[in-house]
Amino acid sequence: MLKQQLNLKLSQKLSPQQIQLMKLIQLPTQAFEQRLKQEMEENPALEGGKEEKEEYEDEFSTDDYQDDDPGNESIEAEIDVDEYLSDDEIPSYRLQANNYSADDEDKHVPYASGTSFTQFLKTQLSTLRLSDDEKEIAEFLVGSVDESGYIRRSTQDIVDDLAFTQNVYTDEAKVEKVLKYVHELDPAGVGARSLQECLLIQLNRKEPTKQVSLAADIIEKSFDQFSKKHYQKLLSKHDISEDELREAIDVIEHLNPKPGGAYAGNTRMVEHVIPDFTIKIVDGELELSLNGRNAPEMHVSKDYSEMLKGYKASKEKSKAQKDAVMFIKQKLDAAKWFIEAIKQRQTTLFVTMSAIMNYQKEYFLSGDERNLKPMILKDIADEIDMDVSTVSRVANSKYVDTPYGTKLIKDFFSESMKNDQGEDVSTREIKKILEITIDEENKRRPLTDEKLAKMLKEKGYPIARRTVAKYREQLDIPVARLRKEI
């Protein structure tokens, strides 16, 4: 039985330049510089510096050899996205320029230099008098220390791993003994298996004053009550005054809960933020500028253009010459495409940020987050007549230097809510008011989420208790009980 079907397929086609542009727009300044360097290394027809006004198209035409190879027409043709990103019969210069997904993040992040944290600890072990067995166990323990400075494994697990991976057969008592040696290393608190043990190690190293002794007693015997801020129970259990408790708490608050983070040579990744834009207030008006590193001077190589002139002047045009010229033409086209994509990137970035700046003019003039207007990606996309995805690429990865510090652009976007007047207000505005309200509360009797919701309603922001809880958590503010002070 024959069956007739009609299938409609919508295929979106993007030119190589459009694909280049999508990828370039999402890159922040530092990643863009790396991308620029990569392109110049891969394409010798692309050079930095001011361009000499000399267009190679006027000096040379490919008409006299295109008939020999119909495939040459594909240089100028638009290319299907799927076909373009496959590896089949695609010139290498296109693959080199476009073999990354438009949503990939740049992974080239600088590392902090210096000795690793583990090596720093192992070096200290050499100053201790340890037997060979103890040294092996100590080195294994040091290797188990995480970036915060903790050993987050049980003693039995460590005993088992020593046997299976190091052929070191020992017991829990021996491991516990060696662990005490590790606890003598710097920074103080390293090698602890819990926050309680970490704080006790640090307190035991301090001069045993009355306040330090009380602090150690509280951490050792009443850690649960302390962590939950049950101050009345602490006063009763340790038979102390409020002033004595306050002094002990002050000692504890000056300890380091993450001793590993105190070591500057810890080789964890460190990302250096470079603002992509700068906003200044000049004579009461906002002034926007694009980081100059985003606007490099690029031009097409003169040497490559001269090669084409040489081919034009040649009377005999062999197949080898035509192949060489085709390669040169491809490199020149790729260079021109890239230069044009950079220019469009600059324009897109500036136009997008300018629209955001004007939309949030009140905030940028005052620095008060309560002046942030509700703004979603579509608001800016409609303003500049661009796609929402383009605005998203700019907002999600770019920073702007303002008179109030360097800000991630996406932080200026927020949904809206209605106040009691029926007006749209930014959720960022409500969060700021919530933060101020909590800052001004009596810390001896902090406000519950229910009381905060009631106070916000009185200020004209009728939001539910669960919404208050959600915003409080987003602001990294603990619940009322944990904000209590004595």
Side-chain angles (χ1 to χ4, degrees), residues 109-221 223 226-227 248-271:
V109 182
Y111 284 78
S113 61
T115 307
S116 72
F117 185 34
T118 302
Q119 189 57 49
F120 173 67
L121 296 174
K122 284 184 177 180
T123 301
Q124 295 180 66
L125 288 178
S126 62
T127 66
L128 303 177
R129 290 187 177 181
L130 302 172
S131 66
D132 290 343
D133 287 348
E134 288 174 338
K135 188 174 181 181
E136 282 189 275
I137 296 171
E139 287 185 350
F140 187 82
L141 288 171
V142 162
S144 301
V145 173
D146 67 15
E147 62 181 11
S148 296
Y150 288 81
I151 295 177
R152 302 186 189 275
R153 307 171 65 197
S154 71
T155 308
Q156 184 58 56
D157 285 343
I158 292 171
V159 170
D160 292 341
D161 280 355
L162 278 166
F164 292 137
T165 64
Q166 308 296 316
N167 288 324
V168 175
Y169 297 94
T170 185
D171 54 36
E172 291 187 44
K174 186 72 172 286
V175 171
E176 290 284 352
K177 178 186 175 183
V178 177
L179 188 57
K180 292 187 185 301
Y181 291 124
V182 174
H183 290 166
E184 294 177 13
L185 304 179
D186 290 324
V190 72
R193 289 158 294 179
S194 66
L195 176 59
Q196 182 181 18
E197 187 175 47
C198 179
L199 298 178
L200 278 173
I201 292 169
Q202 295 177 60
L203 287 168
N204 290 333
R205 286 208 197 176
K206 288 183 172 293
E207 183 181 347
T209 63
K210 183 180 177 181
Q211 293 87 351
V212 170
S213 298
L214 176 58
D217 199 41
I218 290 172
I219 294 300
E220 185 175 6
K221 299 176 181 176
F223 183 74
F226 169 77
S227 61
I249 290 173
D250 185 61
V251 171
I252 296 169
E253 287 179 343
H254 281 81
L255 301 177
N256 187 356
K258 292 184 178 180
Y263 180 63
N266 193 350
T267 54
R268 59 189 182 279
M269 287 193 294
V270 178
E271 185 175 2

Asks: Is Ser126 reaching over with its side chain to a backbone N or O of Thr123, donor-acceptor style, under 3.5 angstrom?
Replies: yes
Asks: Can you establish whether the number of heavy atoms outside Lys135 located under 6.0 Å from its atom NZ is more than 12?
Replies: no
Asks: Once rounded to the nearest 0.5 Å, what's the spacing between atom CZ of Arg193 and atom CD1 of Ile158?
Replies: 7.5 Å
Asks: Would you please test Thr170 and Glu136 for side chain to side chain contact (heavy atoms under 4.5 Å, CB included) and show each step?
Replies: CA-CA 11 Å; Thr170 185; Glu136 282 189 275; over 6 Å; no
Asks: If I compare all heavy atoms of Val182 with all of Gly191, which pair ends up nearest, and what's the gap?
Replies: CG1-CA, 4.3 Å
Asks: Which pair of heavy atoms, one from Val178 and one from Leu141, lies closest together, and at what distance?
Replies: CG1-CD1, 3.9 Å
Asks: What's the shortest heavy-atom distance between Pro257 and Tyr150, and which atoms?
Replies: O-OH, 2.6 Å
Asks: Could you check whether the rings of Phe223 and Phe226 sit parallel, tilted or perpendicular, using 30° and 60° as the cut-offs?
Replies: tilted
Asks: Could you tell me which non-hydrogen atom of Cys198 sits nearest to which non-hydrogen atom of Pro259, and how far apart they are?
Replies: SG-CD, 3.7 Å
Asks: Within the side chain of Ser144, is there an N or O that forms a donor-acceptor pair under 3.5 Å with the backbone of Phe140?
Replies: yes
Asks: Are any of the side-chain heavy atoms of Asp171 and Val159 separated by less than 4.5 Å?
Replies: no
Asks: Hey, mind stepping through Leu203 and Val251 against side chain to side chain contact (heavy atoms under 4.5 Å, CB included) and telling me if it holds?
Replies: CA-CA 9 Å; Leu203 287 168; Val251 171; 3.8 Å; yes
Asks: If you apply the rule side chain to side chain contact (heavy atoms under 4.5 Å, CB included), what do you find for Glu139 with Leu130, and how did you get there?
Replies: CA-CA 11 Å; Glu139 287 185 350; Leu130 302 172; over 6 Å; no
Asks: Nearest 0.5 Å, what's the CD-OG1 distance between Glu184 and Thr127?
Replies: 9.0 Å
Asks: Within this structure, what is the CG-CG distance for the pair Leu185 and Leu128, rounded to the nearest 0.5 Å?
Replies: 6.0 Å
Asks: Please check: side-chain N/O of Asn204 versus main-chain N/O of Leu200, any donor-acceptor pairing under 3.5 Å?
Replies: yes
Asks: Which heavy atom in Lys174 sits nearest to a heavy atom in Ile137, and how many Å separate them?
Replies: CG-CD1, 3.8 Å
Asks: Quick one: NE2 on His254 to CD1 on Ile249, what's the gap to the nearest 0.5 Å?
Replies: 13.0 Å
Asks: At their closest point, which heavy atom of Ala248 faces which heavy atom of Ala215, and how far apart are they?
Replies: O-CB, 3.8 Å
Asks: Nearest 0.5 angstrom please: Asp160 CG to Ser154 OG, how far?
Replies: 7.5 Å
Asks: Evaluate the side-chain proximity of Thr155 to Leu179: yes if any heavy-atom separation is below 4.5 Å, no if none is.
Replies: no
Asks: Go through it in stages, so that I can follow the logic: the residues are Asn167 and Tyr169, the test is side chain to side chain contact (heavy atoms under 4.5 Å, CB included), and I'd like the CA-CA distance, side-chain angles, deciding distance and then a yes or no.
Replies: CA-CA 6 Å; Asn167 288 324; Tyr169 297 94; 4.1 Å; yes
Asks: Contact between Asp186 and Arg205 at the side-chain level, heavy atoms closer than 4.5 Å - yes or no?
Replies: yes
Asks: What distance do Ser194 atom OG and Arg152 atom CZ have between them, rounded to the nearest 0.5 Å?
Replies: 9.5 Å
